[in-house]
Each structure stands twice: as structure tokens, then as C-alpha cells.
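Keep in mind the model is a prediction, meaning the values are calculated, not measured.
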Amino acid sequence: MTNLPKKARCVIIGGGVMGCSVAYHLTKTGWTDVVLLERKQLTCGTTWHAAGLIGQLRASANMTRLAKYSADLYRGLEEETGLATGMRQVGSISVALTEARKEELYRGASMARAFGVPVEEISPAEVKERYPHLNIEGVKAGVWLPTDGQGDPANIALALAKGARARGAVIAEGVKVTGVAVEGRRATSVSWEQGGERGEIQAEHVVNCAGMWGREVGRMAGVNVPLHACEHFYIVTEPIKGLTQMPVLRVPDECAYYKEDAGKYLLGAFEPNAKPWGMNGIPEDFSFDQLPEDFDHFEPILERAVNRLPMLAEAGIHTFFNGPESFTPDDAYNLGQSLEVDNFWVAAGFNSIGIQSAGGAGMALAEWMETGEKPFDLGDVDVGRNQPFQGNRHYLFERSKETLGLLYADHFPYRQKATARGVRRTPFHAQLEAQGAVFGEIGGWERANWFASDGQEREYQYSWGPQNWFANQAAEHKAVRENVGMYDMSSFGKIRVEGRDAETFLNHVCGADMSVPAGKIVYTQFLNSTGGIEADVTVTRLSETAYLVVTPAVTRPRDQVWMQRHAGEFNVVVTDVTAGEGVLAVMGPNARTLMQKVSPNEFSNDVNPFGTAQEIEIGMGLARVHRVSYVGELGWEVYVSSDMAGHVFETLWEAGQELGLTLCGMHMMDSCRIEKAFRHFGHDITCEDHVLEAGLGFAVKLQKADFIGRDAVMRKKEAGLEKRMLQFRLSDPEVMVYHNEPLIRDGKIVSYLSSGAYGHHLGAAIGMGYVPCRGESAAEVLGSVYEVEVAGRRVAAEASLQPMYDPKSERVRM
Ligand SMILES: NCCCC(=O)O
């Protein structure tokens with residue numbers, strides 16, 4: 001007979017390391033009324049067979065912060081709970097077998113320095129010294145992270161569960177969740193079943209920690225949790241004579257990781273063609289189970305491993321293991337408040353790094369649940385980043401074949417996914433393809449990134465330096481700066497806000513003043529209560545009662561839900577109309593001439609000044625043009641309903657021939673926008689970057705009635721800035737920056753670049769980054785000597801508070 005409560009503040013579904021960590025952290029926050037329901041036994045899904053590597057360096061500062069937190073937490077768990085966690089700080093070594101990988105590791109080491117993770121670049125001889133068993137043939141270099149470690153996954157989970165229980169959590173095993181009841185935007189209860197007995201717990205919050213069952217549990221509440229299980233292979237050897245404690249070893253070029261444990265080796269693989277599993281749902285009774293061996297699949301890894309670690313040749317294989325783990329479409333886990341149900345939370349899909357992530361992810365989620373706001377930027381893993389279609393099982397199946405292997409693939413800049421492509425195409429797709437477009441993908445959208453010239457191969461050749469499209473990007477950039485270019489921005493999120501209260505509602509949600517005449521376009525941010533930036537949008541007033549909010553492609557679902565959550569008593573309807581209109585951006589000093597050739601309307605500064613929209617005739621159709629620019633040039637974004645999009649493209653393209661109109665891609669846009677120091681949401685501006693520190697105070701109107709974040713803006717105005725966003729131009733034109741390169745001020749690392757790209761007009765790599773500046777004037781901040789560290793080398797950089805390109809914004813007003 002189960003003695004479960006009828007009510008709880010929080011019900012956690014799933015008793016793997018993640019569920020245990022959420023229970024641990026919620027109870028630490030003071031939530032005693034927490035119930036965790038595990039369908040079989042704690043750890044029986046994935047946790048029990050995880051390898052337990054505790055690395056700390058992740059792809060961004062906050063992900064690293066969470067992984068570091070996990071390592072620190074696990075170190076102290078034994079003392080707190082009395083349960084041994086097997087946590088050992090053995091350090092880790094990653095080795096490079098190619099020059100490209102060496103550059104990646106060295107760039108990673110620089111990043112580690114920026115994020116405060118101890119790190120050392122080591123030569124092949126030093127690798128050998130630290131790892132004598134390794135055959136260093138072909139090894140170009142290595143990186144040593146002395147504070148990395150390893151632990152026992154099941155014991156870590158059990159220790160977290162014990163800690164949670166000690167603070168009042170109820171942890172029930174053998175209880176299957178059968179449903180989640182939802183009313184409006186709120187989950188109300190969780191139904192359960194145990195050996196024929198059924199019941200229900202009314203819950204204020206529900207957390208989905210169901211691991212590879214996470215997608216199905218999400219669906220119980222109508223919540224999208226994209227993930228798919230894949231087979232993950234490793235072997236464990238018999239004890240090897242003379243094998244003593246060794247660092248964790250990664251040889252990503254051979255898809256392999258190695259962990260020494262009790263004198264045995266665990267050798268695991270992240271191979272390029274993974275095997276998705278559980279296509280028709282994960283069996284309900286799956287518990288401490290393994291999948292069938294597939295020696296043919298693992299053999300190539302093993303063969304290379306025996307060459308790399310010759311002592312394996314003598315070792316007997318004790319276990320050939322194949323177990324399922326869940327993978328997401330972008331290899332980042334799903335964490336946070338679901339978009340669909342306000343009190344339904346998610347922590348699932350850990351892409352084989354569940355143990356190192358669980359501590360930090362549990363801490364961050366508990367803080368988020370406690371305050372209702374993200375404790376810091378979690379954009380990389382926020383479950384709200386997912387697009388609705390990404391819950392499609394066929395898509396997940398196709399994509400997960402690739403994502404497992406991408407963990408150890410070269411992480412080249414601009415690398416595009418090869419699988420599950422072509423899901424979302426703009427109305428111009430076929431026309432762009434016919435003109436040589438090379439597409440990239442984001443949020444399922446196929447976007448022309450660059451245009452190949454005649455005879456040029458339409459494929460990326462990746463590297464850490466200028467890639468094969470560098471000259472194409474340069475030509476497209478030049479066209480936009482000097483003549484006229486056209487590019488497809490149909491992937492913009494487009495959200496209509498309509499109703500009697502549209503104006504007052506948007507004034508409440510946006511920092512800028514929305515009481516503007518119809519036809520006016522306003523650049524603005526949605527702020528949170530700390531003045532951080534939740535969304536970066538343009539809003540066009542279409543009529544007395546209707547506005548169009550235009551968002552970056554991938555943030556549309558989140559931005560829309562942000563508005564819906566704040567709609568409260570306002571009389572407004574918020575509708576996604578993204579697919580209804582294609583958008584062509586026509587940009588450059590000759591943009592007006594081109595527009596005038598295809599339309600009888602006027603495009604003068606008098607009729608259609610910068611920051612205004614007008615309805616026009618174009619060719620034989622109609623469109624609405626927005627005079628704005630993300631590239632810093634005179635230009636119009638042409639919004640055309642999807643049915644007339646093909647015609648409008650033809651009209652502009654044909655008329656543009658005698659002007660030398662150039663088709664351009666997203667890489668051109670990035671190069672132009674960084675020269676103009678336009679911020680990029682998700683990199684330069686996030687929920688933890690205060691709008692004033694981001695240099696966007698000009699877009700905030702304090703004189704209007706109250707709006708979300710106003711108090712925080714007032715407070716910052718009084719207290720002064722803690723950091724400032726600067727633009728940097730590197731002195732060495734050969735060096736490329738992407739983001740996260742350490743920023744050095746007067747010889748000391750002070751932060752890192754939030755974004756970077758090559759500026760073809762300025763003739764150098766350009767970066768953006770925050771510099772701490774408490775109590776300093778702008779002149780003092782600019783008076784320092786700046787450098788950027790790239791792959792271990794410090795490169796001098798010129799700093800500026802104003803955009804280096806067209807600081808007075810004269811060109812957009814031409
Ligand atoms: N579960 C294996 C983790 C692999 C890694 O940390 O590199």
C-alpha cells in the first residue's frame with residue numbers, strides 16, 4: 001500500500017541523477033513538500049550505466065559554471081550524506097591528432113582561462129609524461145585540466161536522494177506516473193499507479209526528469225521535450241596488472257574516451273553514425289537493462305584504441321556494454337520552465353553528460369523555480385529554445401544519428417548539421433538555390449549563408465581560419481556597403497499583437513515607447529525585473545489596434561510566450577504569423593534606386609524615413625516595406641505575403657540586374673552587423689545583461705508609464721554601470737575570432753568576447769565584449785591596453801565604445 005501524499009508543492013517525475021539533484025536542491029532552497037516518483041528503482045534508466053566523467057570546461061561561461069558547481073558539490077556530498085560518491089579529482093587530458101584539433105584544444109584552453117578553469121597546454125612529450133601508457137604516435141598536442149575528475153554515477157544520485165530525504169522529500173520507487181492534468185496554462189495534478197493501486201497528487205509544480213522517457217512525459221502535459229535515445233557503447237576490461245590511477249583521457253579524433261577505475265579501463269565511444277533506439281517508445285519495464293551487443297559497430301573504435309593504448313591488447317574484456325542515453329537535436333540539454341505550461345518544468349536529455357551536468361542543472365532549476373526568473377543566462381539549454389516541430393519523432397530519429405558523434409567531432413566555427421535538413425524552407429528557397437545559395441540551418445530553417453560563384457563547390461570546407469566562403473562573404477559585404485545586396489530574412493519570427501489594449505500592453509512589456517503613430521517602427525527590448533534583456537525585437541505599429549513584433553528566427557516561441565505570460569488582464573491576442581510572409585532585405589546605397597524601379601511608391605526620407613513602414617505596390621503585387629537595417633546601410637525589408645513572394649523576388653532580381661544587385665547570405669549579415677556593433681541576442685545580450693550596460697539605454701523610455709524592468713533601469717542609473725560593452729578590432733588581420741576568446745585589459749584577463757566575426761570593410765576580426773568598469777569613466781575604460789587571447793596567443797586589439805563603422809549612423813538615413 002503506497003503512502004503517498006495527496007498534495008505537494010512539487011512532484012518530480014523520474015529518479016535518475018537529475019531527479020535526485022532537483023529534489024536535493026529544492027529541499028536545500030527550503031521546499032520540504034517535495035515528492036519524487038520513480039517508476040522502478042532510483043538510477044535504473046540511464047544513470048546506473050553512465051561513465052561518470054566529471055569534466056568542467058563546457059562551450060560557454062555559464063555551462064562551465066554549472067559543471068564546476070557539480071564537481072564542487074559532489075566533492076562535499078560524502079561528508080554531508082555519509083554516502084561515498086567515488087569522486088576522485090584525477091584530472092583530464094585531451095589529445096589532438098590533427099592541426100585543426102590542436103587549434104580547437106588550444107582555443108578551448110584559452111576559453112578555460114577566461115572561465116576560471118585551471119588548464120595547461122602540453123606538448124606530446126608532456127602528454128607522455130602524464131600518461132605513460134599512451135602511444136603518442138601522431139599526437140600533435142594535448143590539454144591538461146587538473147581539476148577534472150570522475151565519480152560513481154549511481155552513488156552520486158543516491159547521495160543526492162539521501163540529502164533530499166534528510167530535508168523532508170518523499171522519494172517513492174515503483175510508482176509509475178500515468179498522467180499530468182493541465183488546466184489552462186497550469187498543471188494541477190499528477191496521476192500515478194502502483195501494482196494496481198491508483199492515485200493522484202495535486203501539485204503546485206511538476207518537474208519532468210524522466211530521461212529518455214522525457215518526451216513522452218512532456219506529452220502527458222502537452223509539453224514539447226525534443227530528445228531521442230541512442231545506443232551508447234563502451235567496454236570495461238578485466239583488471240590490468242600495473243594499472244594505477246590515471247587521468248580521464250579523451251582522444252576525440254578517434255571518437256574515444258578512457259577512464260581508469262579500480263585497475264580496469266572503461267573505453268567509450270562517440271562514433272559518427274550512431275544508432276537511435278526506442279523509436280516506438282521506450283519499453284515501460286526497462287530497468288537496469290542493456291541493449292544487444294553490436295561488435296561490428298564498435299570494432300573500428302576498439303581497433304584504434306588498442307593502437308593508442310597498447311596495454312588493452314593484453315587485457316581481457318569483462319563487459320561489452322550497450323545502453324541507451326538521450327540526445328537532443330543540438331546536443332544541449334533541456335532545462336527550465338516549459339513554454340506550454342507555466343508550472344511544468346523540464347530537466348531531461350543530457351547527451352551523455354548527465355553526471356557532470358546534474359549538480360549544476362539541479363541548482364539552476366531550483367533557483368529558477370523559487371524566484372520564477374532564470375538565475376542567469378541559460379539560453380544554451382533553455383527548453384524554450386526548441387521549435388514546436390522538433391518534437392517530431394522522425395526528425396529526432398534522423399538528427400540523433402548525428403548528434404551523438406558530434407560530441408567528439410571537430411567543433412569548427414559555422415559547422416552545419418548534416419542530418420534532418422530541409423524541414424523549414426522560406427518561400428524563396430528554390431529561387432535562391434537556383435542562384436547558388438549554400439544553406440545553413442537554424443531552428444529547422446534553411447537559410448542561405450553564402451552564394452557560391454560559378455563552378456565553385458557548394459559545400460563548406462571547415463577550418464579555424466578563413467573558410468572556403470571567405471571571399472564570397474567579402475564580395476557580398478562589399479556589394480552591400482557600396483552598391484546593393486538582397487538577402488532572405490523570412491525566418492524572422494513574426495508575431496501579431498492585436499486588440500483594444502495592444503498599445504498599453506506593449507508599453508508594459510517593452511522598454512521603449514509604443515505610443516507611436518501607425519507606420520512607425522520601434523527597436524526595443526523585453527526586460528526582466530533586473531533590467532536584463534529577455535528579447536530584442538522591432539515592433540511596427542500597423543494600426544490603432546495592431547502591432548507586428550519581429551523577433552530573431554529561433555526566439556519566436558519564447559518571445560511569444562513571454563508576451564502571453566504577461567498578457568494578464570490586457571485585452572490582446574498574440575498570434576504567430578511567421579509563415580504568412582516572406583521577407584527580402586534590400587540593402588546598400590543603391591537600395592532606393594532599386595525600390596524605385598519596382599514600385600510606383602515613394603521611398604524618400606520625407607515619405608518613408610528611417611524607422612517607418614509603408615504599404616506599397618511592387619511588380620504586380622503588394623508588400624509592406626520596413627525601413628530598418630541590421631547591416632548599417634540604407635535599405636528596406638520587404639514583407640510580402642507568401643503567395644506573392646516568388647513574384648516579388650523575380651521582380652526585384654530582374655530589376656536589379658542593371659544595377660549589379662548581389663544576392664547575399666547570413667555570413668555577410670554577421671560581418672556587416674559586427675562592424676556596426678549591432679548586438680546579437682543570445683551572445684552579446686541575454687537575460688543577465690542589463691540594458692544600460694549593453695549600451696541600449698537609447699531604446700528605453702523612462703518617461704512613459706510603468707513597464708517591466710523600469711525599477712531596475714532606475715536603480716542602475718543611480719548605482720552606475722558595473723560593465724560596459726565595447727567593440728574590438730584585432731591588430732593582426734590574419735587572426736579570426738568567433739566568441740568566448742579571453743579579453744585582456746592591461747595584461748589581465750577580465751572577461752571574454754561575447755561575439756566575433758570578420759569585418760571585411762574594417763579589414764580585421766571584430767569582437768564585442770563586456771569590460772568590468774565599476775566607478776570608471778568611459779575615458780578611463782578606453783584608456784587601457786587591450787588584447788584578445790586566441791589559441792594561447794595574445795593579440796593587440798583597438799577598443800571602441802562607438803561603432804567603428806559609421807558611428808553617427810548617417811548611412812541608414814541617406
Ligand atoms: N558519458 C561520457 C562522457 C564523455 C565526456 O565527458 O567526454
Does the side chain of Ser809 come under 3.5 Å of the side chain of Lys676 through a donor N or O and an acceptor N or O?
-> yes
Does the pair Arg415/Asp410 count as a salt bridge with the N-to-O cut at 4.0 Å?
-> no
NE2 of His680: more than 12 outside heavy atoms within 6.0 angstrom?
-> no
Side chains of Thr64 and Arg58: is there a donor and an acceptor less than 3.5 Å apart?
-> no
So, Arg107 and Glu741, do they make that salt bridge, N to O below 4.0 Å?
-> yes
Determine, for Tyr805 and Arg481, whether the Lys NZ or Arg CZ falls below 6.0 Å from the six-membered ring centre while staying within 45 degrees of the axis.
-> yes
Can you find a side-chain donor-acceptor pair between Asp576 and Gln560 that sits under 3.5 Å?
-> no
Just checking, Lys723 and Tyr770: is the charged tip under 6.0 Å from the six-membered ring centre and within 45° of the axis?
-> yes
Residues Arg556, Asp559: salt bridge by 4.0 Å N-O rule | no
Does a donor on one side chain sit under 3.5 Å from an acceptor on the other, for Thr328 and Asn351?
-> yes
cation_pi(Arg624, Tyr639) dist<6.0 Å, angle<=45 = yes
Is it true that Glu688 and Lys374 make a salt bridge, defined as a side-chain N closer than 4.0 Å to a carboxylate O?
-> no
Any luck finding a side-chain donor-acceptor pair between Ser60 and Asn62 under 3.5 Å?
-> no
Ignoring hydrogens and angles, state whether a donor on the side chain of Gln456 or Asn472 is under 3.5 Å from an acceptor on the partner side chain.
-> yes
Would you please indicate if the ring centroids of Phe439 and His429 are separated by under 6.0 Å?
-> yes
Donor-acceptor pair between Ser754 and His683 side chains, under 3.5 angstrom | no
Evaluation steps, ring pair (Phe, Tyr, Trp, His ring centres under 6.0 Å), between His626 and Trp636 | CA-CA 5 Å; His626 293 204; Trp636 282 265; over 10 Å; no
In terms of side-chain heavy atoms, does Glu104 have a donor or acceptor partner in His411 at a distance below 3.5 Å?
-> yes
